[in-house]
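Each remark here refers to the structure printed beneath this line.
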Amino acid sequence: MAGVRVYAEEGEMTEKLYGLMTADGKKVVEPLYNSFRTYELNGKTCYCMQIFEGVWEPFCYSSLLVSADGEWQLEIKDNIVAISENRIICQQFNGPFNVYDYSGKKIFSGNENQSVDTNGSGFYNGLLVVFDFLSDNGYTTVVDEDGEIV
C-alpha cells in the first residue's frame with residue numbers, strides 16, 4: 001500500500017475533522033478525528049488520530065495509531081501522550097496514566113495520585129519517570145517497563 005497523508009474536512013460548526021488518505025485519494029481513515037499528532041515508531045512515522053471533547057478539561061475518547069505506510073493500525077480508547085521503547089503511554093487530563101504495548105494490551109496503570117510527562121518524553125533506557133504526589137522521595141518515582149518501582 002502506498003503511504004498515507006492527513007487530510008481535513010469541515011465537520012459540524014465548521015470544526016475541522018482529520019482523516020488519512022493515500023496519494024491516489026483513497027480514504028484509509030474517515031475524517032472523524034478532531035486532533036492528530038505524529039510520532040516516530042520503530043524509526044518510522046506514525047499518525048496518532050484522536051477524538052477530544054471539552055475545552056477546560058479535555059477528554060480523549062479514542063486514539064488511533066496508523067503507520068505512515070498504512071499497513072498497521074491500533075485503536076486505544078485512551079489519550080496517547082508518548083510512544084517509546086515498545087510502550088504507549090496514555091493519560092487523561094486529571095486522571096491516572098496507563099501503559100500499553102504495541103498490541104494494545106494494558107501493561108500497568110498508575111493511581112489517582114500519579115502522573116507522567118504529557119509532552120511526549122515517555123520511557124528512556126527502559127525507565128519512566130512518574131510524578132507521585134504522595135511519594136516519600138519528593139514527588140517522583142521511577143518505574144521499569146512492567147511498572148515495578150526501581
Side-chain angles (χ1 to χ4, degrees), residues 1-9 11 15-54 57-133 135 139-150:
M1 177 183 287
V4 296
R5 64 179 176 81
V6 175
Y7 74 99
E9 290 185 2
E15 175 186 37
K16 280 192 178 179
L17 297 176
Y18 301 98
L20 295 172
M21 72 171 49
T22 61
D24 63 0
K26 180 181 175 219
K27 291 181 181 178
V28 176
V29 173
E30 291 294 323
L32 304 172
Y33 301 89
N34 57 9
S35 178
F36 76 92
R37 289 183 277 184
T38 58
Y39 289 103
E40 288 298 313
L41 182 65
N42 295 331
K44 296 181 181 178
T45 300
C46 182
Y47 296 104
C48 180
M49 314 300 287
Q50 296 182 297
I51 300 173
F52 282 97
E53 188 173 288
E57 294 183 0
F59 184 83
C60 180
Y61 286 94
S62 183
S63 295
L64 177 68
L65 291 172
V66 181
S67 60
D69 61 10
E71 297 292 324
W72 176 81
Q73 290 188 18
L74 174 65
E75 184 175 20
I76 294 179
K77 301 290 184 188
D78 208 339
N79 180 30
I80 296 173
V81 296
I83 299 174
S84 60
E85 298 188 15
N86 299 318
R87 295 290 185 259
I88 300 167
I89 300 102
C90 298
Q91 180 158 353
Q92 297 289 349
F93 185 82
N94 286 335
F97 72 92
N98 297 302
V99 176
Y100 299 85
D101 66 15
Y102 286 171
S103 72
K105 177 184 169 204
K106 189 185 292 187
I107 305 298
F108 66 94
S109 297
N111 64 45
E112 65 275 356
N113 300 312
Q114 295 176 322
S115 177
V116 293
D117 177 8
T118 57
N119 291 320
S121 62
F123 282 90
Y124 182 74
N125 288 333
L127 302 175
L128 177 67
V129 174
V130 175
F131 304 105
D132 190 339
F133 303 108
S135 72
Y139 306 113
T140 59
T141 302
V142 178
V143 298
D144 65 16
E145 290 181 334
D146 297 318
E148 299 297 321
I149 295 174
V150 258

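Nothing fancy with the numbering, it's 1 onward along the sequence.
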Given side chains that start at C-beta, do those of [X] and [Y] come closer than 4.5 Å, heavy atoms only?
X     : Y     : answer
Val99 : Ile88 : no
Cys48 : Ser63 : yes
Met49 : Leu20 : yes

Legend entry - side-chain contact (heavy atoms from CB on, under 4.5 Å) partner of Asp78, chosen from Gln50, Gln91, Gln92: Gln92

Inset, instruction - Start with the C-alpha distance between Leu41 and Trp72, add both sets of side-chain angles, then the distance that settles side chain to side chain contact (heavy atoms under 4.5 Å, CB included), and finish with yes or no. - result: CA-CA 11 Å; Leu41 182 65; Trp72 176 81; 3.4 Å; yes

Inset, instruction - Please indicate whether Tyr124 has more than 12 foreign heavy atoms, meaning atoms of other residues, nucleotides or ligands, lying under 6.0 Å from its OH. - result: no

Spatial distance of atom [atom1] ([X]) from atom [atom2] ([Y]) [nearest 0.5 Å]:
X     : Y      : atom1 : atom2 : result
Phe59 : Glu53  : CZ    : CD    : 9.5 Å
Leu64 : Ile80  : CG    : CD1   : 8.5 Å
Ile76 : Lys106 : CD1   : NZ    : 10.0 Å
Cys90 : Asn98  : SG    : CG    : 6.5 Å

Checking [X] now: which residues fulfil side-chain hydrogen bond (donor to acceptor under 3.5 Å, both in side chains) with it, not counting sequence neighbours?
X      : result
Asp24  : Thr22
Lys27  : Glu9
Asp101 : Ser103
Asn34  : Glu15

[X] versus [Y], closest heavy-atom pair with distance:
X      : Y      : answer
Gly122 : Ile89  : CA-CD1, 3.8 Å
Tyr7   : Val29  : OH-O, 3.7 Å
Ser121 : Ser84  : O-OG, 4.1 Å
Glu71  : Ser67  : N-OG, 3.3 Å
Pro58  : Gly54  : CB-O, 3.7 Å
Ile83  : Tyr102 : CG2-OH, 3.5 Å

Inset, instruction - Tell me, please, which residues at least two apart from Tyr100 pass ring pair (Phe, Tyr, Trp, His ring centres under 6.0 Å). - result: none

Inset, instruction - Measure from the ring center of Tyr18 to the ring center of Phe36 and say whether it is less than 6.0 Å. - result: yes

Inset, instruction - List the steps, then state whether side chain to side chain contact (heavy atoms under 4.5 Å, CB included) holds for Tyr61 with Asn79. - result: CA-CA 7 Å; Tyr61 286 94; Asn79 180 30; over 6 Å; no

Inset, instruction - Check the pair Ser62 / Glu75 against side-chain hydrogen bond (donor to acceptor under 3.5 Å, both in side chains), numbers first and verdict last. - result: CA-CA 7 Å; Ser62 183; Glu75 184 175 20; 2.7 Å; yes

Would you list the atom pairs, donor with acceptor, under 3.5 Å between side chains in residues 143-150 and any protein atom, with sequence neighbours excluded?
{"from": "Asp144", "atom 1": "OD1", "to": "Asp146", "atom 2": "N", "distance (Å)": "2.9"}
{"from": "Asp144", "atom 1": "OD1", "to": "Gly147", "atom 2": "N", "distance (Å)": "3.1"}
{"from": "Asp144", "atom 1": "OD1", "to": "Glu148", "atom 2": "N", "distance (Å)": "3.0"}

Inset, instruction - Applying side chain to side chain contact (heavy atoms under 4.5 Å, CB included), run through Leu128 and Val116 and close with a yes or a no. - result: CA-CA 8 Å; Leu128 177 67; Val116 293; 4.0 Å; yes

Inset, instruction - Report yes or no: do Tyr39 and Arg37 form a side-chain donor-acceptor pair below 3.5 Å? - result: yes

Legend entry - Trace of the side chain to side chain contact (heavy atoms under 4.5 Å, CB included) decision for Phe97 with Phe131: CA-CA 10 Å; Phe97 72 92; Phe131 304 105; over 6 Å; no

